[in-house]
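Read through the structure below, which is laid out as structure tokens, and then see the notes.
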Amino acid sequence: MPATTDDQVERVRALVAAIPPGRVATYGDLAAAVGLSSPRTVGWIMRTDSSDLPWHRVVPASGRPAPHLAGRQLRLLAEEGVCITDGRIDLRTARL
């Protein structure tokens, strides 16, 4: 488990909750905003504590969701008006 404090977890959760519909943030964006050493720590937080959050608005820096989430995540983002081309989120237009 990554070394995180409860405060860091809550800060990540608050940032994710604040991402408006039609916008996205990358794992790296969130890690930098909270002062975490790695985007992977945000991934760990999202895997373990995000069922009540708009998890679909957090994406890899490549703009391509993980294969096991891609169908659902891309559908949810498209419903919010996010531009998606060939399975990739257009970060230039959707990123916070």
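Throughout, residue positions are numbered sequentially from 1 according to the sequence presented.
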- request: State whether the side chain of R88 and the backbone N or O of R64 hold a donor-acceptor pair below 3.5 Å, judged by distance alone.
  value: no
Quick check for you: to the nearest 0.5 Å, what is the distance between [X] atom [atom1] and [Y] atom [atom2]?
X: T93; Y: R23; atom1: OG1; atom2: CZ; value: 8.0 Å
X: Q73; Y: I89; atom1: CD; atom2: CD1; value: 5.5 Å
X: L15; Y: L30; atom1: CG; atom2: CG; value: 6.0 Å

What residues form a side-chain contact (heavy atoms from CB on, under 4.5 Å) with [X], not counting sequence neighbours?
X: A31; value: L36, V42
X: P67; value: none
X: S50; value: M46, L53, W55
X: P39; value: Y27

statement: Sequence neighbours excluded, the answer for side-chain hydrogen bond (donor to acceptor under 3.5 Å, both in side chains) partners of D7 is none
- request: Could I get the full list of side-chain hydrogen bond (donor to acceptor under 3.5 Å, both in side chains) partners for R75, not counting sequence neighbours?
  value: E79
field: Test item: L96 and I19 side chains (from C-beta on) under 4.5 Å apart, heavy atoms
entry: yes
- prompt: Can you check whether V9 reaches D49 side chain to side chain, under 4.5 Å on heavy atoms?
  reply: yes
message: Evaluate L77 against V59 for side-chain contact (heavy atoms from CB on, under 4.5 Å), listing each step before the verdict.
response: CA-CA 11 Å; L77 291 171; V59 300; 4.3 Å; yes
Residues R57, E80: salt bridge by 4.0 Å N-O rule: yes
task: Identify whether the distance between the nearest side-chain nitrogen and carboxylate oxygen of D90 and R95 falls below 4.0 Å.
output: no
- prompt: Any chance CG of D6 has more than 12 other-residue heavy atoms, nucleotides or ligands included, within less than 6.0 Å?
  reply: no
- prompt: Would L69 and V16 show up in the same hydrophobic cluster when neighbours are defined by side-chain heavy atoms closer than 4.5 Å?
  reply: yes
- line: Closest heavy-atom pair, G87 versus P65, reported as atoms and distance to 0.1 Å, is O-CD, 3.7 Å
- prompt: Nearest heavy-atom pair of A17 and P54: which atoms, and what distance?
  reply: CA-CD, 4.1 Å
message: Assess the residue pair T26 and L91 against the criterion (side-chain contact (heavy atoms from CB on, under 4.5 Å)); give the C-alpha distance rounded to whole Å, side-chain angles, the decisive distance to 0.1 Å, and a yes or no.
response: CA-CA 9 Å; T26 67; L91 294 178; 4.3 Å; yes
